[in-house]
There are 2 protein chains.
Amino acid sequence: MPTISKENYLKAIFSYSTELENNASTSRIANHLSISSSAISDMAKKLSKEGLVKYKKYKGIMLTPNGEKAALKIIRRHRLWELFLINVLGLDWSEVHDEAEKLEHYSSDFLIDKIDEFLGNPDFDPHGHPIPKKNGSIPEIPNVILLSEVETNNKYELIRVNDRDSELINYLKKVGLKLSSKLEIVDKVNYDNSISVMFKKKNITLSKKVTDNLFVRLIEE
Amino acid sequence: MPTISKENYLKAIFSYSTELENNASTSRIANHLSISSSAISDMAKKLSKEGLVKYKKYKGIMLTPNGEKAALKIIRRHRLWELFLINVLGLDWSEVHDEAEKLEHYSSDFLIDKIDEFLGNPDFDPHGHPIPKKNGSIPEIPNVILLSEVETNNKYELIRVNDRDSELINYLKKVGLKLSSKLEIVDKVNYDNSISVMFKKKNITLSKKVTDNLFVRLIEE
DNA sequence: GTACAAAGTTAAGCTTGCTTAACAATTAAG
DNA sequence: CTTAATTGTTAAGCAAGCTTAACTTTGTAC
Ligand SMILES: [Mn+2]
Ligand SMILES: [Mn+2]
Ligand SMILES: [Mn+2]
Ligand SMILES: [Mn+2]
């Protein structure tokens, strides 16, 4: 039974180890969790002893199959709670992440399954992230492109948003963008890497900071 | 901001200090929380420093107005969660207490108010306990009698159950008793203090252990 | 390759919330 | 009242999870 702290470490390691290198560096995790890097080294040893992590000094941290299973379990809880809070209690897109960040550690398997069932075993959370299934499998993710890397004149649908940045989400709300919003790329501005898009018949400009955190899918005409 | 541990102490102190003496003894709290009594003495000092508790060595612990406010806040959370889990997710009478025992510490005021609103600002939880209001007031409690102290031939309605004893609740479920069940007292057996009641046209016997944990209200004919 | 900067680790120490063991106060019995 | 049992407190110590500071390894620039 991992503690709360360990659950958070596992989630953080997971979120970096699945990227390019498949191994999370001390500093990335430290930064992600806002904890000193010495604490990370320390914890890496403990998790390693418990068989949740593979750790070689100075060489980064990687989840073992058991560690990944544990991480997916927490991520499942997080995302089910997020969806539940929105669907049932009417919380806002930008409000659920922080609540879920706590609730994920304090709900029994039994309760989580009830929530899953209540929601109809959903595949995606409110930010477009896949919800791991009870058995640890992950719903298939559609072909996804960073909005900063799209091509001019194509049409795209917004399908994923970084949920850790509530300011980003508030910005999107202000602009009117939601999941499944349709965007047509009008121009890619070389100077500042911003993108000009047609959205609901209006032309808006999105900065690199924004487009680097939004994922879209090409819409076939 | 009390920690989780402190929140539990405050709840425990509250539950004893509101009884007869208005002051909770070290050993009762220790027993209640399954924690050594030396830890209680220790914590009493800390809570006292924070102004949540009045503590005189060897003389017991009493909540200050601030401490009571804090305790009621947690109790409110607990009871709202219990009702919510039953009403919305279909959990059972006997299942909600343990879940609520954790969730009560990890929900924002905002979320709790949403739940309260969703449930229609209910006055009582699934075990018949009053749910403190946001402003700290407590819904008026009907005139309540211990089932072990009722009089023969009268009719009573079951209106409160000790929620900490899930075995008791399972027993009640087996027998078919719920909140608002109507009971007619047939006989009080002097020998073992059990009570014989008429319930749904059947005669059942309830032991002292059971009747000491059930509260009823006299039904006027 | 050397030298220095950046990243990572180890060491020492702190806080919270517990434990057990030794000691002190209170209470109950006679 | 005195004494013994009960109850409560203090002291010492431990584990978890952090911190900062000192040290080590690794990577980069020349
Ligand atoms: Mn989230
Ligand atoms: Mn999400
Ligand atoms: Mn309860
Ligand atoms: Mn209850």
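These numbers come from the heavy atoms of this one structure, side chains and all, not from hydrogens, waters or symmetry mates. In what follows, every chain begins at residue 1, and chains take the letters A, B, ... in the order their sequences are listed.
Picking from C:dG17, D:dT9, D:dC18 the nucleotide with the shortest atom distance to the side chain of B:Thr3 gives C:dG17. For A:Ser5, the side-chain atoms get nearest to D:dG17 when compared with the rest of C:dT19, C:dC18, D:dG17. Nearest to the side chain of B:Met43, among D:dC18, D:dT10, C:dG17, sits C:dG17. With C:dT10, C:dT16, D:dT9 as the candidates, the nucleotide lying closest to the side chain of B:Thr26 is D:dT9. Counting only heavy atoms from C-beta on, B:Tyr55 has its side chain closest to D:dT9 among C:dG17, D:dC18, D:dT9. Proximity note for B:Tyr58 (side chain, C-beta onward) versus D:dT20, C:dA25, C:dG8: the nearest is C:dA25. In this structure, of C:dC18, C:dG8, C:dA21, it is C:dA21 that holds the atom nearest to the side chain of B:Ser38.
In this structure, A:Ile35 reaches the sugar-phosphate backbone alone: every heavy-atom distance under 4.0 Å involves primed, P, OP1 or OP2 atoms, never a base. Base engagement by A:Ser37 is indicated by at least one non-hydrogen atom pair under 4.0 Å involving a base atom. Contact annotation for A:Ser27: backbone-only contact, meaning every heavy-atom pair under 4.0 Å involves sugar-phosphate atoms and none involves a base.
Between B:Leu33 atom CG and C:dC18 atom P there is a gap of 8 Å when expressed in whole angstrom units. Distance CG (B:Asn31) to C1' (D:dG8): 15 Å, rounded to an integer number of Å. Following rounding to the nearest Å, B:Asp42 (CG) and C:dC18 (P) show an atom-to-atom distance of 10 Å. In this structure, CZ of A:Arg28 is placed 11 Å from P of C:dG8, rounded to the nearest angstrom. A:Ile4 has its CD1 atom 12 Å from the P atom of C:dG17, to the nearest Å. At whole-Å resolution of the value, CD1 in A:Ile40 and P in D:dC18 are 8 Å apart. Rounded to whole angstrom, the span from the NZ atom of B:Lys46 across to the P atom of C:dC18 amounts to 8 Å. Rounded to an integer number of Å, the gap from B:His105 NE2 to C:dG17 C1' is 14 Å.
Distance check, rounded to the nearest 0.5 Å: CZ of B:Phe110 to CG of A:Asp98 gives 11.5 Å.
Side-chain contact annotation: B:Ser38 with B:Ser36, donor-acceptor N/O pair under 3.5 Å present. B:Ser107 and A:Glu99 share no donor-acceptor pair across their side chains, judged by distance under 3.5 Å alone.
Looking at which nucleotide of DNA chain D each of A:Tyr9 and B:Lys45 is closest to, the 5′-most match is held by B:Lys45. Toward the 5' end of DNA chain D, the nearer of the two residues A:Lys57 and A:Ala39, judged by each one's closest nucleotide, is A:Ala39.
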- prompt: Can A:Asp113 and A:Arg76 be said to form a salt bridge (Lys or Arg N to Asp or Glu O under 4.0 Å), step by step?
  reply: CA-CA 10 Å; A:Asp113 290 343; A:Arg76 167 177 163 80; 3.1 Å; yes
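Side chains of B:Lys73 and B:Glu7 form no contact here, defined as non-hydrogen atoms less than 4.5 Å apart.
For C:dT19, the OP1/OP2 oxygens have a side-chain nitrogen or oxygen of B:Ser36 closer than 4.0 Å.
Screening A:Leu168, A:Asn170, A:Asp163, A:Asp165 for a side-chain contact (heavy atoms from CB on, under 4.5 Å) with A:Ser94, the sole residue that qualifies is A:Asn170.
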